[in-house]
Amino acid sequence: MKANCWEGVKKLRVETVPDPQLLSSHDAIVRVTSTAICGSDLHLYNGFVPSMEKGDVLGHEFMGEVVEVGADVRKLKIGDRVVVPFPIACGVCAMCLDGLFACCENSNPNAWMAAKLWGHSPAGLFGYSHLLGGFAGGQAELVRVPFADIGPIKVPQGLTDEQVLFLSDIFPTGYMGAEMCDIKPGQVVAVWGAGPVGQLAIASARLLGAERVIAIDRFAYRLELAAAKAGATDTINYEDESVFEALKDLTAGRGPDACIDAVGLEAHGPAPVYAYDRAKQALMLETDRPIALREAILACRNGGTVSVIGVYGGFLDKFPMGAIVNRGLTLRSGQCHVQRYSARLLAHIERGDIDPSFVITHWLPLEEAPQAFEMFLHKRDNCEKVVLRT
Ligand code: NAD
Ligand code: ZN
Ligand code: ZN
């Protein structure tokens, strides 16, 4: 089969690799019809995630048709059309039973590696380094899906790939980002990052009742999309004005009730701050650039919530813990527990409350994955989200 393989930092190649095989009686094989590129893939592309190996197949947002099932798979049959959540979860461990699917205790065969870095291991993820299991990803013609009865969501007839594909990751991720804010009617939520994850966090904050949602980014086309399609009531371009001051102006001096970081470890920022974090990162004195996160913490109102769905990998510098403690902030975070949200969000799509496909700007064949990564990384051609077709 053909697959998009990581060959080194900023080096990808679509190669012919062996077809996946069933390794357990609980596995299924899915023939991919649509797969997307995520901001999280950029962290792998740019070399910020350790333990990538030459030839690793990327991709954790995918859907397709079941073509093979193991003997113990009960819920899926050959021919079913499914969307697959990016965290691999067993469904029966203590974490899974508690709905914390992205913290599954059984799905990462390399748990010792992750535990060395983070204390304990989270779930294995598709196409996301050996630290997180070394599972081949979904930017490929075929994928092996472990624990096939737990993750895959059967797609009801009449829904297109575009409408449901993002149930694999960015819709539930944006939704969880908003849900962690415990939004009450009348509240104001600010969202850093108007990438696909930020857009769906904005849309979800509106679904959950936020009165005002403020989008923050530096790309005008992304801020325009946030206002036109996601439901942002205000936008701030951080290259044109001080985010902190603008947020004070918009909230009578108090700050937003909740702040969502949908940027993560590769944040940009005003020149001196960016130069500081970029230099420390290059010298390996910090692993991540927490520019948006620091700003979100400082801007949040007293007693408010900072919800972090942007991905961080390691250690941060100048982290304003004093603001968190002294102003009674709540910090919440996580890789998305996708399986927890599948039914609820599919129902929203079926009812027409939301159509997450509004983020798609480019459709390309899988063969063009390397060019698509380049375009998405540099936000060329007003790229918001790329879907690859096999
Ligand atoms: P993206 O690269 O398209 O979007 C990131 C956006 O952040 C860009 O538009 C960029 O201009 C903006 N940005 C950079 N610095 C900023 C700053 N200082 N202030 C405001 N905006 C800034 O990526 P995406 O696909 O939207 O993903 C966003 C993040 O979400 C990534 O870190 C990704 O790894 C993470 N993610 C997390 C989960 C999860 O489960 N928690 C799931 C999917 C993606
Ligand atoms: Zn993703
Ligand atoms: Zn589990």
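Heavy atoms only: backbone and side chains are in, while hydrogens, waters and symmetry mates are out. Read the numbers this way: they start at 1 and go in the same order the structure lists the ligands and their atoms.
Close contacts between ligand 1 and Phe376 involve ligand atoms 3 (O) [criterion: under 4.0 Å to a heavy atom]. The contact set between ligand 1 and Trp192, taken as ligand atoms under 4.0 Å from a residue heavy atom, comprises 19 (N), 20 (C). Short contacts between ligand 1 and Gly264, defined as distances under 4.0 Å to a heavy atom of the residue, involve ligand atoms 32 (O). Which parts of ligand 1 touch Ala267 is read off a 4.0 Å heavy-atom cut-off, strictly below it: atoms 15 (N). Atoms of ligand 1 lying under 4.0 Å from any heavy atom of Phe219, numbered from 1 in the order shown and given with element: 11 (O). In summary, the atoms of ligand 1 found under 4.0 Å from a heavy atom of Gln335, numbered by their order in the structure, are 38 (C), 39 (C), 40 (O), 41 (N). Those atoms of ligand 1 with a heavy atom of Asp169 less than 4.0 angstrom away are 42 (C), 43 (C).
Residue Ala262 touches ligand 1 through its backbone alone, judged by heavy-atom distances below 4.0 Å. The proximity of Glu384 to ligand 1, defined as any non-hydrogen pair under 4.0 Å, does not occur for either the backbone or the side chain. Contacts with ligand 1 closer than 4.0 Å are made by side-chain heavy atoms of Arg222 only, the backbone lying farther away.
Taking backbone and side-chain atoms together, Cys93 has an N/O/S atom less than 2.8 Å away from the Zn ion (ligand 3). Here Asp169 reaches the Zn ion (ligand 2): one of its N/O/S atoms is less than 2.8 Å from the metal.
Of all the heavy atoms in Ala292 and Ala267, the pair that sits closest is N-CB, 4.0 Å.
For the ligand labelled ligand 1, residue Phe86 lies inside the 4.0 Å heavy-atom shell. At least one heavy atom of Lys379 lies less than 4.0 angstrom from ligand 1. The shell of residues lying under 4.0 angstrom from ligand 1, judged by heavy atoms, includes Gly334.
Counting heavy atoms from C-beta outward, Pro152 and Leu76 have side chains that approach closer than 4.5 Å. Between Ser168 and Phe86, every side-chain heavy-atom pair lies at or beyond the 4.5 Å cut-off. With a 4.5 Å cut-off on side-chain heavy atoms, Val386 and Thr361 do not count as touching. Side-chain atoms of Pro356 and Leu200, non-hydrogen and from C-beta on, do get closer than 4.5 Å to each other. Side-chain atoms of Leu132 and Pro122, non-hydrogen and from C-beta on, do get closer than 4.5 Å to each other.
Nearest protein neighbour of atom 34 (O) of ligand 1, counting heavy atoms only, is Ser40 OG, 2.6 Å. Considering only non-hydrogen protein atoms, atom 37 (C) of ligand 1 sits nearest to Ile309 O, 2.8 Å. Ranking the protein heavy atoms by distance from atom 23 (O) of ligand 1 puts Gly39 CA, 3.4 Å first. Of the protein's non-hydrogen atoms, the one nearest atom 17 (C) of ligand 1 is Tyr238 CE2, 3.5 Å. In this structure, the protein non-hydrogen atom closest to atom 38 (C) of ligand 1 is Thr173 CG2, 3.4 Å. Counting only heavy atoms of the protein, atom 40 (O) of ligand 1 lies nearest to Cys336 N, 2.7 Å.
Side-chain heavy atoms closer than 4.5 Å link hydrophobic residues (I, L, V, M, F, W, Y) into clusters, and following such links, possibly through other members, connects Leu58 to Leu377.
Between Val197, Val338, Val263, it is Val263 that holds the heavy atom closest to atom 31 (C) of ligand 1.
By the 4.0 Å N-to-carboxylate-O rule, Glu15 lies too far from Lys2 to be salt-bridged with it. Ion pairing between Glu61 and Lys385 holds under the 4.0 Å rule for side-chain N and carboxylate O. Using a cutoff of 4.0 Å between basic side-chain nitrogens and carboxylate oxygens, Asp27 and Arg144 are scored as salt-bridged.
Listed by first and then second residue, the side chain to side chain donor-acceptor pair (under 3.5 Å) pairs that reach into residues 102-123 are Asn108-Ser121, sequence neighbours excluded. Each ring pair (Phe, Tyr, Trp, His ring centres under 6.0 Å) pair with one or both residues in residues 357-385, not counting sequence neighbours, appears once here: Tyr45-Phe373.
In the model, Asn302 has a side-chain atom that pairs as donor or acceptor with a side-chain atom of Arg327 under 3.5 Å.
By the neighbour-count criterion of 12 heavy atoms within 6.0 Å, atom NZ of Lys229 is sparsely surrounded, having that number or fewer from other residues, nucleotides or ligands.
Close N/O approach between Val311 and ligand 1 is found [any backbone or side-chain N/O within under 3.5 Å]. Annotation: Gly310 places no N or O atom under 3.5 Å from an N or O atom of ligand 1; distance criterion only. For a threshold of 3.5 Å applied to N or O pairs, the pair formed by Asp217 and ligand 1 contains at least one separation below that value. Between His268 and ligand 1, at least one pair of N/O atoms sits closer than 3.5 Å.
Take the Zn ion (ligand 3) as the corner point: the lines to SG of Cys96 and to SG of Cys104 open at 110°, to the nearest 10 degrees.
Nearest N/O/S atom of Glu61 with respect to the Zn ion (ligand 2) is recorded as OE2. Distances from the Zn ion (ligand 2) to the N/O/S atoms of His60 are shortest for NE2.
In this structure, Phe147 has its ring center no closer than 6.0 Å to that of His26.
Between His348 and Tyr175, the ring-plane angle classifies as tilted under the 30° and 60° cut-offs.
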